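Here's the structure we're looking at; comments come further down.
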Amino acid sequence: MTETDPTDPDLIVASASAIRATLLRNAGLAIAVQPAPIDEPALRRALEAEGASPRDTADALAEAKAIRVSAKRPGALVLGCDQVLDHDGAVLAKPEDPDEAIAQLTAMSGRTHRLLSAAVLAEDGAPKWRHVSTVRMHMAPRSPEWIAGYVERNWDSIRHAVGAYKLEEEGVRLFSRVEGDYFAILGLPLLEVLNHLTLTGRLTS
């Protein structure tokens, strides 16, 4: 946990994502942040070798993070999250370098892909609830020069983003239309998480 985390949080977030933590705190939750120490690339490769669908990949990764932290925090409710980009059935991960970011954006230019945002709540090392949100992202056609310039201007930020874009930043200019929940695009199906916590008495309505 960080120095500013509460001693008795409503939720432990097994993620290093600053935007997920901000969304939850802005919604009024007292959270602690404890990123899960898992080898995510290796787990992704294993799931791909097993023929897992993009949706199942997102769900499995979110569960692995939640369970890993939950097993070490008895009695605490732990949230694991993961986001997967499904491009024609293939899973795209965070780009390793600017060239890969350009290649990903070029392949998606003028086409539609899906963002799958998974959330799993675990307690005492076992999953208790799960949800996967799907958003359809319609990307506008962009020239090779525009894509290269976009990556050069934004690399420090988008290097940590699935698909090499952030909709809340200049990445919004890549799209002509979006179908789905904005919070899920940011990597957290926030409304579903809050509804579950309220229905189960973890949060007051």
Side-chain angles (χ1 to χ4, degrees), residues 1-44 47 57-85 93-96 115-133 135 154-169 171 181-205:
M1 294 191 296
T2 67
E3 293 180 359
T4 57
D5 284 339
T7 55
D8 187 24
D10 298 318
L11 194 65
I12 295 174
V13 183
S15 170
S17 167
I19 195 163
R20 289 184 182 123
T22 297
L23 290 173
L24 290 163
R25 289 187 176 116
N26 286 349
L29 274 71
I31 67 166
V33 175
Q34 186 174 338
I38 67 168
D39 188 342
E40 189 169 333
L43 186 50
R44 283 180 183 270
L47 290 164
T57 297
D59 180 69
L61 289 166
E63 179 179 292
K65 296 171 186 177
I67 289 178
R68 183 66 179 268
V69 173
S70 176
K72 298 179 179 179
R73 301 295 299 271
L77 189 64
V78 177
L79 174 66
C81 299
D82 196 79
Q83 187 177 60
V84 163
L85 191 155
K94 300 171 185 177
E96 294 187 0
L115 279 182
L116 306 169
S117 291
V120 173
L121 289 169
E123 194 169 15
D124 296 324
K128 301 296 183 181
W129 174 88
R130 65 202 326 122
H131 178 83
V132 180
S133 287
V135 182
N154 295 279
W155 173 244
D156 284 344
S157 176
I158 63 175
R159 66 192 304 170
H160 304 298
V162 170
Y165 63 81
K166 289 185 176 180
L167 199 73
E168 67 273 25
E169 297 177 1
D181 176 39
Y182 179 70
F183 297 116
I185 298 171
L186 299 182
L188 175 65
L190 180 64
L191 298 179
E192 286 77 9
V193 171
L194 294 176
N195 287 338
H196 175 76
L197 295 176
T198 300
L199 290 172
T200 54
R202 299 275 186 169
L203 291 177
T204 56
S205 58

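Counting from 1, the numbers follow the sequence of the chain as shown. None of these values were measured; they are calculated from a predicted model. These values consider heavy atoms only, across backbone and side chains, with no hydrogens, waters or symmetry-generated copies.
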Scanning both residues in full, the closest heavy-atom pair of Pro95 with Ala161 reads CD-O, 3.3 Å
Among residues at least two apart in sequence or on other chains, which ones pass side chain to side chain donor-acceptor pair (under 3.5 Å) with Ser70? none
Working to the nearest 0.5 Å, report the span between OG1 of Thr57 and CG of Leu85. 12.5 Å
Looking only at heavy atoms, the pair that brings His131 and Pro189 closest together is CD2-CB, 3.8 Å
Side chain to side chain, Leu197 and Asp10, heavy atoms closer than 4.5 Å: no
Check whether any side-chain heavy atom of Ile31 sits under 4.5 Å from a side-chain heavy atom of Leu79, and report yes or no. no
Check Val33 against Ala21 and note the closest heavy-atom contact, atom names and distance. CG2-CB, 4.2 Å
CG-OG1 distance between Leu203 and Thr198, expressed to the nearest 0.5 angstrom: 5.0 Å
Could you check if a side-chain atom of Ile67 sits within less than 4.5 angstrom of a side-chain atom of Val120, using non-hydrogen atoms only? no
Hey, are the side chains of Pro37 and Arg68 touching, using non-hydrogen atoms and a 4.5 Å cut-off? yes
Does Val162 reach the side chain of Val84, with side-chain heavy atoms less than 4.5 Å apart? no
Do Phe183 and Ser133 come close enough that some side-chain heavy atom pair is under 4.5 Å? no
On a heavy-atom basis, which atom in Ala32 and which in Pro9 lie closest, and how many Å separate them? N-CB, 3.7 Å
Distance (rounded to the nearest 0.5 Å) between Arg44 CZ and Asp82 CG: 5.0 Å
Could you walk me through whether Leu115 and Gln83 satisfy the side chain to side chain contact (heavy atoms under 4.5 Å, CB included) test, starting with their C-alpha distance in whole Å, then the side-chain angles of each, then the deciding distance to 0.1 Å, before giving a yes or no? CA-CA 7 Å; Leu115 279 182; Gln83 187 177 60; 4.0 Å; yes
Can you name the ring pair (Phe, Tyr, Trp, His ring centres under 6.0 Å) partners of His196, sequence neighbours left out? Trp129
Where the side chain of Arg130 meets the backbone of Glu63, is there a donor-acceptor pair that is under 3.5 Å apart? no
Donor-acceptor under 3.5 Å (Lys65 side chain, Cys81 main chain): yes
Do Arg202 and Leu121 have side chains that approach each other closer than 4.5 Å (heavy atoms only, starting at C-beta)? no
Restricting to non-hydrogen atoms, name the atom on Ile158 and the atom on Ala164 that form the minimum distance, rounded to 0.1 Å. CD1-O, 3.5 Å
Give, for atom OG of Ser157 and atom CD of Glu168, the distance between the pair rounded to the nearest 0.5 Å. 7.0 Å
If you measure from CG on Leu167 to CD1 on Ile185, what distance do you get to the nearest 0.5 Å? 5.0 Å
How long is the gap from NZ on Lys94 to CZ on Arg159, to the nearest 0.5 Å? 11.5 Å
Is there side-chain contact between Ile19 and Leu188, with heavy atoms separated by less than 4.5 Å? no
